[in-house]
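Below, all heavy atoms of this structure are taken into account, side chains as well, without hydrogens, waters or symmetry copies. A, B, ... follow the sequence lines: proteins, then strands. Residue 1 opens every chain. Just so we're clear, the structure is a prediction, and the values are computed from it rather than from any experiment.
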Amino acid sequence: MTSSKLQVAVDADRCQGHNRCFAIAPEIFDVDELGNAVVIGDGFVDDTLATKARSAASNCPEFAITVTEVGQ
Amino acid sequence: MSGRQTPVENWETDFDHTDPTWVHDPYPIWKDLRARCPIAHSDRYGGTWFPSTHELVSEVAYDTVHFTSRAVVVDNLRPGELDLPAPIGVAPPITSDPPFHAIARRMLLPAFAPKKIAALEPMVRKLCRELLDSTSGKSQFDAADDYTRHIPVGVIVGMLGFPLEDADIFRQFITQVLEKVDMPGEERLDMFMQGEIETYLDKQIEAHRAYPRDDLTSFLLDAEIDGNKLAIEHVRGTMILLMVAGIDTTWSAIGASLWHLANHPDDRRALAADVSLWPTAIEEFLRAYAPVTMARLVIDDFDFNGERLHKDDWLLLPFPSANRDEKVFPDADRVILDRQENRHSAFGLGIHRCLGSNLARMELRVALEEWISRYPDFELSDPDSVTWSKGQVRGPRSLPMRILA
């Protein structure tokens, strides 16, 4: 393994259910019954989804999504 | 001040969101205010503030301590005269404050969650196709009259389970609430006190009590908060909210997007040629032509970014101006169909994020998809005769189109 991984997180206190992340990256996010975003699984995504993860973060109106690089 | 407003000469000290110059094209006014006077004040409507930058609009939207949502349409009525006692407000949850707001909103959210709304897409598509069918063979028609204005009203009336032929009753009521804001306070109070809309809603509620069905009216009649059914004022208020917030707004977004496409041949060609552009394009239309400016009331005197705000001052919350803020959106006045970073606030920010945003976004996309697939090439037949709505919801009310292909 040479590539680094990304960890994606949604701040539930900030999320207001705009649904932008779920529309951009349904592989990474799901929405609950109220329409608020949750990260699927443990939140670790590999390189193939890096662009989508960053795009979801940079389109969230509430700044609720963080994407952090986790060293390998 | 009573009576219709006098023309505005100074936007920094005497602005009026119903002034013809503002209604015609507010963007240059807002741009100037953002640069020179980010918190403008006017004595009109009993005292109104206009914070125009993204930063200030966000700050107000997130502050439920100093600002109340008890009334959200700026007019000449003194705040409170028509309102139910706080915290419910006249049209919950948009007019509610914490903590009641969260309870009323939580009850409604599941009905408007993304997956629930996706199930309505075939119905919306069918409605759009039927409307376009009825324009068939015409080389010129008014896209507002014949297309955009029928879409959201059909959807909301259908969701509430009301007779579709009653759509005109709603349209008339909505115009009274949203556009006739500059009439004298007493006249406006008389208009609301006649209570025609309440009588109509009571009739629909009775019909649903007698024969419950799978629609939002029966959903509201069944709903409980803490084991109690909703008060009838709450049911009626939420119905009024769905009509006022769900119809003019989406109609405006669809119309403004078509207006843009009529003026920009390159953009309509790009959309017709490349489906992968659509997701970012829809968000870009929502950013650039966000229809809704909200409002708040100041709860008590306090200092806000160097200005002394007073109890019961109005404060307009212009998300459309925040969306044009160059500090947040490079090249903000230009529509860039593939804009990659777009944290627009067309649906608001904070706890009052538009409940119907998933529905509105789906309606906008389907209405534009169906239009472009039927009429890939079109232009305004008479650009000077386009008219825009007045007040806190902005969209074209007449949109004369010439079909080219």
Side-chain angles (χ1 to χ4, degrees), chain A residues 3-72, chain B residues 54-55 57-58 61-62 64 93 101-118 276 278-284 286-287 290 319 322-323 328-330 338-362 364-365:
Chain A
S3 63
S4 61
K5 276 197 159 191
L6 297 177
Q7 181 164 29
V8 181
V10 174
D11 182 339
D13 289 335
R14 280 182 168 266
C15 175
Q16 298 290 349
H18 288 260
N19 193 33
R20 299 287 302 280
C21 56
F22 179 58
I24 290 169
E27 306 90 338
I28 305 172
F29 303 92
D30 199 356
V31 282
D32 65 16
E33 192 211 22
L34 301 179
N36 291 331
V38 289
V39 172
I40 296 171
D42 59 9
F44 287 102
V45 300
D46 61 28
D47 279 355
T48 58
L49 286 172
T51 307
K52 280 196 168 192
R54 292 190 201 285
S55 172
S58 61
N59 281 281
C60 175
E62 310 283 353
F63 292 80
I65 298 170
T66 47
V67 177
T68 1
E69 279 199 41
V70 184
Q72 185 61 46
Chain B
H54 186 277
E55 190 180 358
V57 167
S58 304
Y62 289 129
T64 57
H101 166 268
I103 299 166
R105 183 174 169 92
R106 203 180 167 84
M107 179 195 80
L108 284 172
L109 277 170
F112 292 89
K115 292 166 193 175
K116 262 285 211 268
I117 293 304
S276 74
W278 279 79
T280 49
I282 293 293
E283 299 306 328
E284 181 66 345
L286 286 167
R287 180 191 69 81
F319 295 109
N323 281 351
V328 180
F329 304 98
D338 64 346
R339 190 181 285 271
Q340 293 301 307
E341 188 169 339
N342 191 351
R343 300 178 195 263
H344 71 76
S345 54
F347 295 115
L349 292 169
I351 64 167
H352 287 281
R353 186 269 303 168
C354 171
L355 181 79
S357 63
N358 299 303
L359 176 61
R361 185 180 273 121
M362 182 268 282
L364 173 61
R365 174 175 53 78

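- Identified by a heavy-atom distance below 4.5 Å to chain B, the contributing residues of residues 14-23 of chain A are A/Gln16, A/Gly17, A/His18, A/Asn19, A/Arg20, A/Phe22, in residue-number order.
- Under the 4.5 Å side-chain criterion, counting only non-hydrogen atoms from C-beta, A/Pro61 is not in contact with B/His344.
- Every residue meeting the side chain to side chain donor-acceptor pair (under 3.5 Å) condition with A/Thr48, not counting sequence neighbours, appears here in chain and number order: A/Asp46.
- Across B/Ser345, B/Cys354, B/Gly350, the residue that shares the most heavy-atom pairs under 4.5 angstrom with chain A is B/Gly350.
- No more than 12 heavy-atom neighbours from other residues, nucleotides or ligands sit within 6.0 angstrom of CD on B/Glu55.
- Contact tally against chain A (heavy-atom pairs below 4.5 Å) for B/Gln340, B/Arg106, B/Glu283: the top residue is B/Glu283.
- Highest contact tally toward chain A, considering only B/Tyr62, B/Phe112, B/Phe347, is held by B/Tyr62 [criterion: heavy-atom pairs under 4.5 Å].
- Counting only distance, with no hydrogens or angles, the side chain of B/Arg343 and the backbone of A/Asn59 share no donor-acceptor pair below 3.5 Å.
- Under the rule for a side chain to side chain donor-acceptor pair (under 3.5 Å), A/Asn36 has no partner lying at least two apart in sequence or in another chain.
- Of the two parts of B/Asn358, only the side chain, counted from C-beta on, holds a non-hydrogen atom closer than 4.5 Å to a non-hydrogen atom of chain A.
- Partners of A/Ile40 under the side chain to side chain contact (heavy atoms under 4.5 Å, CB included) rule, at least two apart in sequence or in another chain, are A/Asp30.
- Interface remark: B/Leu108 contributes no atoms to any contact with chain A (heavy atom separation under 4.5 Å).
- Nearest heavy atoms, A/Gly35 versus B/Pro114: CA-CD, 3.9 Å.
- Both the backbone and the side chain of B/Pro110 come within contact range of chain A, each with at least one heavy atom under 4.5 Å from a heavy atom of that chain.
- With values rounded to the nearest 0.5 angstrom, A/Glu33 atom CD is found 8.5 Å from B/Lys116 atom NZ.
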